[in-house]
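Notes for the one structure printed next.
Letters go in sequence order (proteins before strands), and every chain restarts at 1.
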Protein chains: 2
Amino acid sequence: MSNSRMTVREIAKLAGVSVATVSRVSNGTGQVSEEMRRRVLDAIEKHGYRPDHLGRALAAGRHGALGLVFPGLSGPYFTELIQGFESEAVPSRASVHILCTHLRSDSDDQVLEMGRRVDGVAVMGGTISDEALLRLAKLVPVVVVAGEGPGDIPSVRADNVGSMLALTRHLLADHDLRDLVFVGTPAGSPDVSERWAAFRRAHHDLGIEPPAEPVAVSMQQADGVLAADQLLGGETPRPAGVVCANDETALGVLVGALGRGLRVPQDLIITGFDDVPVAALVAPALTTVRQPVRELAAEAARLILRAAGQPGDIPGGGLVLPTELVLRRSCGCPAPPTGGTGR
Amino acid sequence: MSNSRMTVREIAKLAGVSVATVSRVSNGTGQVSEEMRRRVLDAIEKHGYRPDHLGRALAAGRHGALGLVFPGLSGPYFTELIQGFESEAVPSRASVHILCTHLRSDSDDQVLEMGRRVDGVAVMGGTISDEALLRLAKLVPVVVVAGEGPGDIPSVRADNVGSMLALTRHLLADHDLRDLVFVGTPAGSPDVSERWAAFRRAHHDLGIEPPAEPVAVSMQQADGVLAADQLLGGETPRPAGVVCANDETALGVLVGALGRGLRVPQDLIITGFDDVPVAALVAPALTTVRQPVRELAAEAARLILRAAGQPGDIPGGGLVLPTELVLRRSCGCPAPPTGGTGR
DNA sequence: CGGGTAACAGAAACCGGTTTCAGCCGACCA
DNA sequence: TGGTCGGCTGAAACCGGTTTCTGTTACCCG
């Protein structure tokens with residue numbers, strides 16, 4: 001009923017019992033007589049008492065919280081990541097702290113500060129310095145998501161190389177395409193870096209000269225439109241295909257290409273990476289690589305929770321989750337027999 | 001250097017000083033002689049000591065954290081929201097706890113639990129029950145974002161009504177359109193609810209009969225494609241225009257319409273709400289309403305931080321941030337003179 | 001040389017919980 | 001009737017910091 005911010009001692013005084021009894025009742029531990037329990041519950045109910053997390057966490061010796069650190073939020077990838085992480089943390093009654101480092105200069109320090117507020121941290125690859133990562137790992141269990149950590153810091157990531165090799169080989173060999181370009185900025189993102197390397201390696205494996213440089217744009221849909229402007233603006237010869245570092249930029253390139261009256265895949269093929277929900281629904285449907293982002297984050301949360309439970313380091317070195325090449329219309333493959341573009 | 005999890009008392013013993021001195025040095029408060037300071041700093045440096053947040057927060061009587069509660073993460077809107085909130089919290093050295101309630105049945109309880117872990121909470125409208133909101137407000141300062149709270153709980157929201165009235169009136173009067181449909185689910189989202197109501201009111205103001213029901217889909221791009229399937233599938237007469245509750249569904253409808261060979265705006269007009277970055281870049285560019293999402297979240301964070309500083313309730317009742325009608329090509333307005341669809 | 005003061009260090013209390021440990025009381029049994 | 005045991009309760013210690021309050025020392029000045 002009445003207002004808040006009560007403490008155990010106040011409730012104890014109001015109920016005429018000791019703080020130990022209040023604690024026992026509110027936690028359901030130990031033995032308490034029916035009479036005492038009723039008195040305490042009445043006082044708790046009447047004053048809307050809820051134990052403060054700080055005292056409880058301090059006594060328990062754990063924070064009951066996990067940290068998630070990423071460079072910035074953009075697009076479906078990060079929302080999937082957060083949700084996967086959160087959905088695994090909540091059932092364990094752990095709250096989730098987030099930190100977007102953006103490009104703040106003091107982000108290393110903020111991450112270390114977070115290391116004293118939580119029971120474990122998942123850090124996106126490429127977000128903070130290796131040195132900060134190592135220092136963080138001395139404070140709490142750490143897992144690197146979508147990247148590799150220095151030393152023996154465990155990591156969880158998707159198989160970028162296998163699928164990007166298969167995708168590029170498919171374009172070069174099966175569709176006999178040349179003059180592919182790669183859209184994405186390898187620097188700063190281990191994922192993009194691996195994809196770019198695999199894109200080049202697939203070329204070399206087939207004795208084809210890959211482009212020297214990627215088209216460096218960042219990872220949002222608007223950047224894909226800008227890349228389309230740059231590639232299809234008419235100043236340079238039009239490439240045969242655009243291999244994008246993620247689906248979002250691919251959808252941007254698609255929008256830009258269709259807006260210029262180009263036909264996809266007849267005039268230009270486009271591929272993405274991630275298999276976001278809308279990739280299957282656009283016309284033409286987007287050829288891409290499916291990676292289990294939610295599962296990636298959930299696995300990271302599980303590793304941290306397990307490590308936070310018992311002291312000692314996390315055993316596993318690097319966990320690589322499988323990915324899957326998804327061939328659709330935008331690379332020139334025929335539409336599936338079950339139907340056209342819709343649905 | 002060596003490992004972690006040191007306490008003040010351990011450092012004090014190692015440095016041969018009292019815990020008070022260690023605290024003074026690590027906080028830079030009080031008077032400490034150069035000799036003592038050096039000894040303490042050496043020990044801190046040598047053992048990589050960082051004060052634990054729990055003890056510090058307990059002594060300070062504040063958590064140094066803000067909470068953000070939303071139903072689920074989908075699309076650019078929520079990422080903007082989180083970033084706006086986070087960017088305002090971090091400079092105040094407050095960490096950000098997030099909670100996605102999804103549709104979990106115990107979310108009311110989880111929100112109340114959060115109320116004892118943070119100094120204030122921002123809750124998205126329509127996320128938890130009014131009763132839980134009132135109980136939460138007794139624990140910590142609360143602000144409702146994009147919605148209205150019960151009682152005198154302050155809120156921060158965008159002006160949905162004014163802009164949606166203007167947009168609908170523009171379509172009905174300036175473009176002389178009839179047979180508009182509204183895509184979005186009012187139930188559960190105060191924003192969508194207000195937009196749907198304003199859509200209908202604009203009809204009534206002009207003596208035009210609005211549609212009886214909205215096309216109820218959820219708010220992601222894929223749902224817009226599904227709505228396009230439903231609306232343009234050929235079973236019912238094609239509407240003249242599709243007014244969407246947000247840009248994401250509008251982009252989905254646009255993709256679906258273009259995929260069926262329809263021309264926008266000649267055969268069908270489409271409008272959105274939010275003005276996400278890609279809305280200006282698609283072809284045709286999307287007519288929409290710009291709302292300051294980041295600013296909305298930042299304002300919520302500021303209100304909470306201010307209220308957490310001094311006890312007592314947040315003064316302001318409801319803060320309504322202005323929105324702006326953005327007319328582009330997709331509603332039939334001419335392309336701006338400065339250039340075509342691209343760029 | 002005595003008294004006052006400023007600078008500094010440490011013991012102890014405190015923040016809000018949990019948990020251990022000791023003690024009280026009633027019941028049961030010999 | 002006395003001893004033991006089990007159920008229940010509360011005082012006190014503890015988690016890891018901060019802060020107050022009390023000394024102690026050295027220095028300066030008259």
Side-chain angles (χ1 to χ4, degrees), chain A residues 4-41 43-44 47-65 93 113 115-119 139-140 308 311, chain B residues 4-41 43-44 47-65 93 113 115-119 139-140 308 311:
Chain A
S4 64
R5 293 300 200 12
M6 287 271 152
T7 70
V8 244
R9 298 175 221 268
E10 291 176 284
I11 293 291
K13 180 167 296 183
L14 288 166
V17 301
S18 73
V19 294
T21 301
V22 174
S23 177
R24 280 190 274 257
V25 169
S26 92
N27 286 5
T29 59
Q31 305 270 25
V32 182
S33 71
E34 201 45 48
E35 154 74 4
M36 289 285 143
R37 178 183 313 284
R38 204 188 42 70
R39 292 227 306 262
V40 172
L41 285 178
I44 285 179
H47 299 88
Y49 167 75
R50 270 190 161 246
D52 187 284
H53 177 71
L54 287 176
R56 177 173 273 197
L58 188 57
R62 64 167 63 189
H63 294 81
R93 311 201 62 72
E113 164 65 22
R116 294 301 261 157
R117 297 181 170 228
V118 299
D119 300 316
L139 297 174
V140 287
Chain B
S4 63
R5 291 308 202 3
M6 286 273 153
T7 71
V8 244
R9 296 172 224 271
E10 290 177 285
I11 293 291
K13 181 166 291 183
L14 289 166
V17 301
S18 72
V19 293
T21 300
V22 174
S23 178
R24 280 191 275 257
V25 169
S26 91
N27 286 4
T29 58
Q31 304 271 26
V32 182
S33 70
E34 200 45 48
E35 156 73 7
M36 289 285 144
R37 177 183 314 283
R38 204 187 42 68
R39 292 226 305 263
V40 172
L41 284 178
I44 286 179
H47 299 87
Y49 168 74
R50 272 193 159 243
D52 187 284
H53 178 71
L54 287 175
R56 180 173 272 198
L58 188 56
R62 63 167 65 189
H63 300 263
R93 311 201 63 72
E113 165 64 24
R116 295 301 265 158
R117 295 179 173 231
V118 299
D119 299 315
L139 297 173
V140 286

* Salt-bridge test for Glu34(B) and Arg38(B): reply yes if a basic N is under 4.0 Å from a carboxylate O, no otherwise. => no
* Structure fact -> Once base and sugar-phosphate atoms are separated, protein heavy atoms under 4.0 Å mark nucleotides 10-20 of chain D, 5' to 3', with B, S and - as BB---BBBBBB
* Compare side-chain N and O positions of Ser33(B) against OP1 and OP2 of dA7(C) and report whether any pair is under 4.0 Å apart. => no
* Structure fact -> Taken to the nearest 0.5 Å, the spacing of Met36(A) CE from Leu41(A) CG works out to 12.5 Å
* Are any side-chain N or O atoms of Arg62(B) and backbone N or O atoms of Ala57(B), one a donor and one an acceptor, separated by less than 3.5 Å? -> no
* To do: Convert the base pairs of DNA chain C into dot-bracket notation, remembering that pairs crossing earlier ones are written with [ ] and that bases paired across to another strand are shown as |; include only Watson-Crick or G-U pairs under 3.5 Å.
  => ||||||||||||||||||||||||||||||
* Which atom pair, heavy atoms only, marks the closest approach of Val8(A) to Tyr49(A)? -> CG1-OH, 3.7 Å
* What are the two closest heavy atoms between Val118(A) and Val140(A), and how far apart are they? -> O-CG1, 3.4 Å
* Asked: Just how far, in rounded Å, is C1' of dT9(D) from CZ of Arg37(A)?
  -> 13 Å
* Take Arg116(A) and Glu113(A), measure what salt bridge (Lys or Arg N to Asp or Glu O under 4.0 Å) needs, and give me the verdict at the end. => CA-CA 6 Å; Arg116(A) 294 301 261 157; Glu113(A) 164 65 22; over 6 Å; no
* Return the value, rounded to whole Å, for the distance between atom CD of Glu35(B) and atom P of dG10(C). => 11 Å
* Structure fact -> Value for NZ (Lys13(A)) from CE (Met6(A)), rounded to nearest 0.5 Å, stands at 11.5 Å
* **Sugar-phosphate only, base, or nothing, as touched by Gln31(B) at under 4.0 Å among non-hydrogen atoms** => sugar-phosphate
* Structure fact -> On a heavy-atom basis, the closest approach of Arg37(B) and Val32(B) is NH2-O, 3.5 Å
